[in-house]
Number of protein chains: 2
Amino acid sequence: MESATVIRALGALAQEHRLAVFRLLVQAGPDGMAAGALAEALGVPASSMSFHLAQLAHAGLVAQRRVSRSIIYSADYGAMNRLIAYLMANCCGGTACLPELDCLSVAGDDRSVA
Amino acid sequence: MESATVIRALGALAQEHRLAVFRLLVQAGPDGMAAGALAEALGVPASSMSFHLAQLAHAGLVAQRRVSRSIIYSADYGAMNRLIAYLMANCCGGTACLPELDCLSVAGDDRSVA
DNA sequence: CCCATATTTCAATGATTATCGAATTATGAG
DNA sequence: CTCATAATTCGATAATCATTGAAATATGGG
């Protein structure tokens, strides 16, 4: 995982509304939530929410799929796993201490620490 | 853990130099590294490094102690644990899926998910 | 006390980010 | 085709953040 990717992900989460959105999506699980539902749930104008969702998507933290007129967003647990692994890489000089973070790990998810 | 605290921590990590510093400190373990050593290791002017270290400290991600003329910084693994727990709270609607993240967990470290 | 080292604070500048109404694009129903 | 709904893009503005040299504040040695 590259440092630029990690910075984008952390920066995406470091914002009140985006953090709230991500946590809602983590709780919602694979079913996800529509953009409009997220905007309403958080009391944020649709255009603002769209901006924030784009940031989260660009950071790879959420996936999006269209269902009829709605666009459904869902959390990417694999990206989250990789992010955490990166932060804790070689913890304490390399002694084994990294856990598995397995909430619905996604196919293709690797935990490489490099 | 409060959302404002989490946002401060994520924002602190969402920056090239600070992310590099934090990872260096994670690898350095409890011994930590002096401010000057960090500045030199990353090729950043001392005043810039001081600014970034202050952000990390204010976010509670690093601890500082004075040793003679140097100030030694070290990663706070407990803060990291709490951060991750917050992000994954009630993952998938509350089914058990949170791991323990125990690289040198610090005394007083709680993993409350609220 | 005087000097060198280690670090932080200050201040000014440039760059990035958040906000949100209005306009635009996409989809589906009748 | 026309209308209503769902979401995004645009554009302008305000706010926050990163950078760095210079000055200020500790600390320790002689």
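In what follows, chains carry the letters A, B, and so on, assigned in the order in which the sequence lines appear, proteins first and then strands, with residues in each chain numbered from 1. All heavy atoms count here, side chains included; hydrogens, waters and symmetry mates do not.
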Determine the contact category for [X]: base if any of its heavy atoms lies under 4.0 Å from a base atom, sugar-phosphate if only primed atoms, P, OP1 or OP2 are that close, otherwise nothing.
{"X": "Ser48(A)", "result": "base"}
{"X": "Ala46(B)", "result": "base"}
{"X": "Ala34(B)", "result": "sugar-phosphate"}
{"X": "Ser68(A)", "result": "sugar-phosphate"}

Let me know the distance between [atom1] of [X] and [atom2] of [N], rounded to the nearest Å.
{"X": "Phe51(A)", "N": "dT8(D)", "atom1": "CZ", "atom2": "P", "answer": "13 Å"}
{"X": "Gln15(A)", "N": "dT17(C)", "atom1": "CD", "atom2": "C1'", "answer": "9 Å"}
{"X": "Ile71(A)", "N": "dT27(C)", "atom1": "CD1", "atom2": "C1'", "answer": "10 Å"}
{"X": "Gln55(A)", "N": "dT16(C)", "atom1": "CD", "atom2": "P", "answer": "13 Å"}
{"X": "Ile7(A)", "N": "dT17(C)", "atom1": "CD1", "atom2": "P", "answer": "11 Å"}
{"X": "Arg69(B)", "N": "dC3(C)", "atom1": "CZ", "atom2": "C1'", "answer": "10 Å"}
{"X": "His17(B)", "N": "dC17(D)", "atom1": "NE2", "atom2": "C1'", "answer": "13 Å"}
{"X": "Leu10(A)", "N": "dT16(C)", "atom1": "CG", "atom2": "P", "answer": "19 Å"}

Comparing Pro45(A) with Arg66(B), nearest DNA chain C nucleotide closer to 5' gives the residue Arg66(B)

Do the side-chain N or O atoms of Tyr73(A) get closer than 4.0 angstrom to the phosphate oxygens (OP1, OP2) of dA6(D)?
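For Tyr73(A), the contact criterion (side-chain N or O under 4.0 Å from OP1 or OP2 of dA6(D)) is not met.
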
Measuring to OP1 and OP2 of dT19(C), would you say a side-chain N or O of His52(A) lies under 4.0 angstrom away?
yes

Do Val44(B) and Leu38(B) have side chains that get closer than 4.5 Å, going by heavy atoms?
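No, their side chains stay 4.5 Å or more apart.
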
Would you say the side chain of Met33(B) lies within less than 4.5 Å of the side chain of Leu25(B), judging by non-hydrogen atoms?
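They are in side-chain contact.
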
So does Ser47(B) reach the base of dG21(D) with its side chain, donor to acceptor, closer than 3.5 Å?
yes

What distance separates Ile84(B) CD1 from Met80(A) CE, expressed to the nearest 0.5 Å?
7.0 Å

Where the side chain of Gln64(A) is defined as all heavy atoms beyond and including C-beta, which of dT8(C), dA18(C), dT8(D) is the nearest nucleotide?
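Looking only at heavy atoms from C-beta outward on Gln64(A), the closest nucleotide is dT8(D).
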
Closest non-hydrogen contact found for Gly29(B) with Tyr77(B) is CA-OH, 3.6 Å

For Leu13(A) versus Leu83(A), what's the shortest heavy-atom pair and its separation?
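Minimum heavy-atom contact is CD1-CD2, 4.3 Å.
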
